Amino acid sequence: MKPKQNYNLLMEQELKKLDHRPKLLLHVCCAPCSSAVIERMVNYCDICVLFYNPNMDSEMEFIRRAEELNRLVSESGWSVDVAVLEYDHSEFLEIANGLEDAPEGGARCMKCYRQRLEETAKYAAENGFEYFTTTLSISPYKNAEALNLIGKSLEEKYNVKYLYSDFKKKNGFKRSTELSDEYGLYRQDYCGCEFSKEEREAELKKQCSVCEE
């Protein structure tokens with residue numbers, strides 16, 4: 001069996017080779033997940049965070065997460081630019097068509113990963129970024145290997161370097177929860193789309209019924 005790649009180590013090796021501060025386009029899904037990543041990466045790169053998330057189940061949820069991201073950047077004092085792309089949920093529904101009942105982390109999520117990473121790679125290529133990556137790997141529920149393989153394939157397509165990452169390593173997720181508490185950030189309990197929300201609500205309902213027995 002082929003051993004799993006240590007994507008955090010690959011990232012650190014790439015950062016050690018730097019003799020300048022490169023421009024990094026960092027795709028983010030929400031303020032809590034981005035917090036520990038920005039805190040870490042701002043030491044090495046000039047960062048622009050890209051909020052592109054057509055998977056959000058409503059425009060209200062999209063706006064709330066985008067506003068929290070802007071608040072975090074403002075209150076933290078980190079020197080980071082923020083770009084928010086227009087919300088169009090139909091973009092997500094198109095790629096999710098036929099996969100509505102797929103389990104969280106399955107085929108629908110793989111397509112969602114690619115959709116968001118591809119738009120990030122495209123934006124990076126059009127705006128002169130040296131690297132692009134995503135904060136998604138900070139979640140213990142996200143498939144870091146799948147994210148990195150997708151990112152690497154897009155590097156070749158758009159001719160922009162993909163920065164390997166697994167931001168949950170080195171207590172990244174734990175640090176994100178600490179920063180969320182410190183800044184009082186809105187922390188949602190589902191990934192974003194209506195399908196993940198329904199699955200989460202079903203899990204909670206099941207847990208409640210077990211507790212009542």
Side-chain angles (χ1 to χ4, degrees), residues 23-35 37-38 47-74 80-129 131-139 141-143 146-160 162-163 165 185-201:
K23 289 178 62 179
L24 169 68
L25 184 64
L26 180 65
H27 167 264
V28 303
C29 58
C30 61
C33 287
S34 67
S35 60
V37 178
I38 297 173
I47 300 173
C48 176
V49 294
L50 181 69
F51 190 82
Y52 170 69
N53 297 288
N55 60 312
M56 297 296 139
D57 65 319
S58 69
E59 188 169 15
M60 182 180 298
E61 180 70 16
F62 179 90
I63 291 171
R64 186 175 186 183
R65 294 195 195 191
E67 287 179 343
E68 281 293 85
L69 174 64
N70 275 297
R71 182 172 72 82
L72 170 65
V73 170
S74 175
V80 174
D81 294 326
V82 179
V84 177
L85 300 191
E86 185 178 354
Y87 174 72
D88 184 353
H89 192 49
S90 66
E91 294 178 2
F92 168 75
L93 293 177
E94 184 177 346
I95 61 106
N97 185 39
L99 297 170
E100 293 85 353
D101 295 327
E104 190 72 6
R108 185 186 65 247
C109 291
M110 295 302 111
K111 284 199 167 188
C112 183
Y113 293 168
R114 184 172 187 90
Q115 182 180 56
R116 289 189 278 175
L117 276 168
E118 179 141 23
E119 190 63 29
T120 303
K122 181 181 177 183
Y123 189 99
E126 292 175 348
N127 292 277
F129 287 88
Y131 290 92
F132 75 99
T133 194
T134 178
T135 64
L136 289 172
S137 68
I138 200 168
S139 169
Y141 304 107
K142 296 292 188 292
N143 188 326
L147 287 164
N148 282 287
L149 290 176
I150 292 169
K152 193 64 177 177
S153 71
L154 294 170
E155 169 183 295
E156 298 170 4
K157 181 175 180 179
Y158 290 96
N159 196 30
V160 180
Y162 174 75
L163 186 63
S165 61
L185 298 175
Y186 161 60
R187 193 177 189 94
Q188 64 289 336
D189 62 358
Y190 68 106
C191 180
C193 74
E194 53 266 57
F195 312 115
S196 66
K197 187 175 185 178
E198 289 169 4
E199 187 171 319
R200 175 62 176 161
E201 289 174 345

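Every value quoted in this text rests on a predicted model; they were computed, and no experiment measured them. Values below: every heavy atom of this structure, side chains too, minus hydrogens, waters and symmetry copies.
Under the 3.5 Å distance criterion, the side-chain polar atoms of Asn70 are matched with a main-chain donor or acceptor of Ala66. Side chain of Glu100 to main chain of Gly98: a donor-acceptor pair is present (N/O by atom type, distance under 3.5 Å, no hydrogens or angles).
When each of Glu94, Glu59, Glu194 is paired with His89, the side-chain hydrogen bond (donor to acceptor under 3.5 Å, both in side chains) condition holds for Glu194 and for no other. Paired with Tyr87 under the rule ring-ring contact (aromatic ring centres under 6.0 Å, His included), one option of Phe92, Phe62, Tyr52, Phe51 passes, and it is Phe62.
Across all non-hydrogen atoms, the minimal contact from Ala121 to Leu154 is CB-CB, 4.1 Å. The minimum heavy-atom distance between Lys23 and Asn127, with the atom names listed, is NZ-O, 3.4 Å. The heavy-atom pair separating Phe129 from Leu24 by the smallest distance is CD2-C, 3.6 Å. Closest non-hydrogen pair, Cys29 versus Met56, comes out as O-CE, 4.0 Å.
Here the side chains of Arg114 and Ile95 are not in contact, with every heavy-atom distance at 4.5 Å or above. Two residues are said to be in side-chain contact when any heavy atoms from C-beta on lie closer than 4.5 Å; Ile38 and Val49 meet this criterion. When side chains are defined from C-beta on, Ser35 counts as touching Leu72, because their heavy atoms get closer than 4.5 Å. Annotation: side chain of Tyr158 is not in contact with side chain of Glu126 (no heavy-atom distance under 4.5 Å). Between Leu26 and Thr133, some side-chain heavy-atom pair lies under the 4.5 Å cut-off. No side-chain heavy atom of Leu136 sits under 4.5 Å from any side-chain heavy atom of Cys33. Within the 4.5 Å cutoff, no side-chain heavy atoms of Asn53 are placed close to those of Arg65. The shortest distance between side-chain heavy atoms of Pro54 and Arg116 falls below 4.5 Å.
No side-chain donor from either of Arg108 and Ser196 sits under 3.5 Å from a side-chain acceptor of the other.
Of the charged side-chain nitrogens involved, at least one lies within less than 4.0 Å of a carboxylate oxygen, so that Lys152 and Glu155 count as a salt-bridged pair. A salt bridge between Arg71 and Glu68 is present, with a side-chain N of the basic residue lying under 4.0 Å from a carboxylate O of the acidic one.
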> Please walk me through it: do Thr120 and Thr134 pass side chain to side chain contact (heavy atoms under 4.5 Å, CB included)?
Replying inline: CA-CA 9 Å; Thr120 303; Thr134 178; over 6 Å; no
>> Show, in sequence, the C-alpha distance, side-chain angles and deciding distance for Glu104 and Cys109, and conclude whether the side chain to side chain contact (heavy atoms under 4.5 Å, CB included) test is met.
In response: CA-CA 7 Å; Glu104 190 72 6; Cys109 291; 4.0 Å; yes
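To the nearest 0.5 Å, the span separating CD on Gln188 from CZ on Arg64 amounts to 9.0 Å. To the nearest 0.5 angstrom, Leu69 atom CG is 9.5 Å from Leu185 atom CG. Between the CG atom in Asn148 and the OG atom in Ser153 there is a gap of 11.0 Å [rounded to 0.5 Å]. Separation of atoms CG (Asn55) and NZ (Lys111) is listed at 15.0 Å; rounding is to 0.5 Å. For the atom pair OG (Ser34) and NE2 (His27), the distance works out to 10.5 Å, reported to the nearest 0.5 Å. For the atom pair SG of Cys30 and CD of Glu61, the computed distance is 9.5 Å after rounding to the nearest 0.5 Å.
Aromatic ring centres of Tyr162 and Phe132 lie closer together than 6.0 Å.
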